[in-house]
Amino acid sequence: MGTSQKFLLDYFRRCQKVLSRIALGADAKAVFSELQTIVESMEPGRTASVLQLNPSTKTLHSYVSNRLPKPYVDAIEGIEIGEFVGCCGAAVYLAQTVIAEDLQTHPNWRLFRDITKAANLEACWSVPIELSDGHIFGSFAIYSNEKSLPTDEELEILTMAAHIGSVAIEKTLLEEKLRFAATHDVLTGLLNRTQFEMLAEKMRAHLERRQLSMSLLFLDLNHFKDINDQYGHDLGDDLLILFAKVLANELRESDIVCRRGGDEFLVALSGTSKQGAEMYVSRVRKCFAKEVVTLKLPRKVEFAAGIAETASGPYLSLDRLIIKADQNMYKHKAQMKKRSAEEMDRRFLE
Ligand SMILES: Nc1nc2c(ncn2[C@@H]2O[C@H](COP(=O)(O)OP(=O)(O)OP(=O)(O)O)[C@@H](O)[C@H]2O)c(=O)[nH]1
């Protein structure tokens, strides 16, 4: 009997090893592969399967490879969940365990009888993989090549395996969140300054080796403090988010952008001359002017941009590039402010 005391002891030892591996940073997929093997060893003729829910399409997809026959795996790939969709589709839909003792007679399997027969699958028990916030990640199922119901212990083992797997997923998600928080700006989701400088330096060194040009841009919103003061910080935040989105949307994959702080942004354009950088700024200006109207600000919002290019010979250091772009941005800002003052004078005198 698979659930003898010896088996249970062995099972707990193996689960403990998996938990240690999770603590040491094992990848969630590797953890589930291991859990599949452990659960399959309960009885001969058992095959485990882990499916992941795509929440936007409400469909299930293989999370880790398994030993189920390929035609069966292909047939259920991307299946939509539902109250009466097999055991996994129903377990995820209902957020509860679904057991089919005999796939040839269970109503949920009516549409799958031929493929399960061809795959020599007779019974299926599926438990939802639930995360601590209540979200259902997917399903953990056992298929058997004999009509059968799980014992209480077998069901407990399956549920525990799904739970251990959920811990691995949560840890992976949390680590991803931490990695993102350490390298990105919270408000705009762009890279933060430290991460940008690290990547821009790599870009600079790579381009210097190939003697290809690089442009560094310093961009700064005009009169942002007034916008904050007059219309509130929430609207100021929305403006920063919108500007960040436009800057990122107009970039190629090889280019990078960061929020340097406040209303200042840096962009590094790979293999791009000053002329190319000017074209980028003009695209951003056009798109920003179009998008900013959605914020319904009663005043025009503009930005100043400074460009620093490095090409051929010994390349400028990243620090020098940033300083140069900053100086050019200030010159541009001064010109813009002078122009707008002259415009005001003209209007006043007319
Ligand atoms: N809403 C919002 N404001 C911020 C944030 N970070 C910095 N600020 C504000 O951004 C403003 C930047 O002001 P300044 O550097 O004087 O820039 P400015 O008003 O655009 O001046 P010019 O660039 O000379 O036109 C300050 O008032 C900061 O308090 C943020 O995350 N959200």
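Note that ligands are numbered from 1 as they come in the structure, with each ligand's atoms numbered from 1 the same way.
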For Leu216, the option from Asp326, Thr310, Val267, Leu321 that meets side chain to side chain contact (heavy atoms under 4.5 Å, CB included) =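 Running side chain to side chain contact (heavy atoms under 4.5 Å, CB included) over Asp326, Thr310, Val267, Leu321 with Leu216 returns exactly one hit, Leu321.
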
How close does the nearest protein non-hydrogen atom get to [atom], and which residue and atom is it?
{"atom": "atom 9 (C) of ligand 1", "result": "Asn228 ND2, 3.4 Å"}
{"atom": "atom 24 (O) of ligand 1", "result": "Lys337 NZ, 2.7 Å"}
{"atom": "atom 7 (C) of ligand 1", "result": "Gly262 CA, 3.4 Å"}
{"atom": "atom 17 (O) of ligand 1", "result": "Asp263 OD2, 3.5 Å"}
{"atom": "atom 19 (O) of ligand 1", "result": "Lys225 N, 2.7 Å"}

Polar contact flag for [X] and ligand 1 (N/O pairs, less than 3.5 Å):
{"X": "His223", "result": "yes"}
{"X": "Asp237", "result": "yes"}
{"X": "Leu187", "result": "no"}
{"X": "Phe224", "result": "yes"}

Nearest to atom 5 (C) of ligand 1 by heavy atom, Glu264, Arg259, Lys333: which?
-> Arg259

With rounding to the nearest 0.5 Å, note down the distance linking [atom1] in [X] to [atom2] in [Y].
{"X": "Leu251", "Y": "Ile256", "atom1": "CG", "atom2": "CD1", "value": "9.0 Å"}
{"X": "Met329", "Y": "Phe265", "atom1": "CE", "atom2": "CZ", "value": "12.0 Å"}
{"X": "Lys117", "Y": "Glu122", "atom1": "NZ", "atom2": "CD", "value": "6.0 Å"}

Are the aromatic ring centres of Tyr143 and Tyr72 under 6.0 angstrom apart?
-> yes

Report, one line per pair, each donor and acceptor closer than 3.5 Å where one atom sits in a side chain of residues 28-37; sequence neighbours left out.
{"unit_1": "Lys29", "atom_1": "NZ", "unit_2": "Tyr63", "atom_2": "O", "d": "3.4"}
{"unit_1": "Ser33", "atom_1": "OG", "unit_2": "Lys29", "atom_2": "O", "d": "3.4"}
{"unit_1": "Glu34", "atom_1": "OE1", "unit_2": "Arg21", "atom_2": "NH1", "d": "3.4"}
{"unit_1": "Gln36", "atom_1": "OE1", "unit_2": "Val50", "atom_2": "N", "d": "3.4"}
{"unit_1": "Gln36", "atom_1": "NE2", "unit_2": "Ser65", "atom_2": "O", "d": "3.1"}
{"unit_1": "Thr37", "atom_1": "OG1", "unit_2": "Ser33", "atom_2": "O", "d": "3.0"}

Mind checking whether His184 and Phe180 have parallel, tilted or perpendicular rings, split at 30° and 60°?
-> parallel

Do protein heavy atoms approach atom 14 (P) of ligand 1 to less than 4.0 Å?
-> no

Quick note on ligand 1: atoms under 4.0 Å from a heavy atom of Gly236 include exactly 1 (N)

Please could you name the atoms of ligand 1 that Asn222 approaches to less than 4.0 Å, counting only its heavy atoms?
->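 This gives 20 (O), 25 (O) as the contact atoms.
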
Could you establish whether Glu302 and ligand 1 come within less than 4.0 Å of each other, counting only heavy atoms on the residue side?
->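 For ligand 1, residue contact (heavy atoms, under 4.0 Å) with Glu302 is absent.
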
Linked, directly or transitively: Met42 and Leu68 (ILVMFWY side chains, under 4.5 Å) |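 As far as the 4.5 Å side-chain criterion goes, Leu68 and Met42 are not connected within one cluster.
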
Pairing residues for Glu208 by the salt bridge (Lys or Arg N to Asp or Glu O under 4.0 Å) criterion, not counting sequence neighbours | Arg204

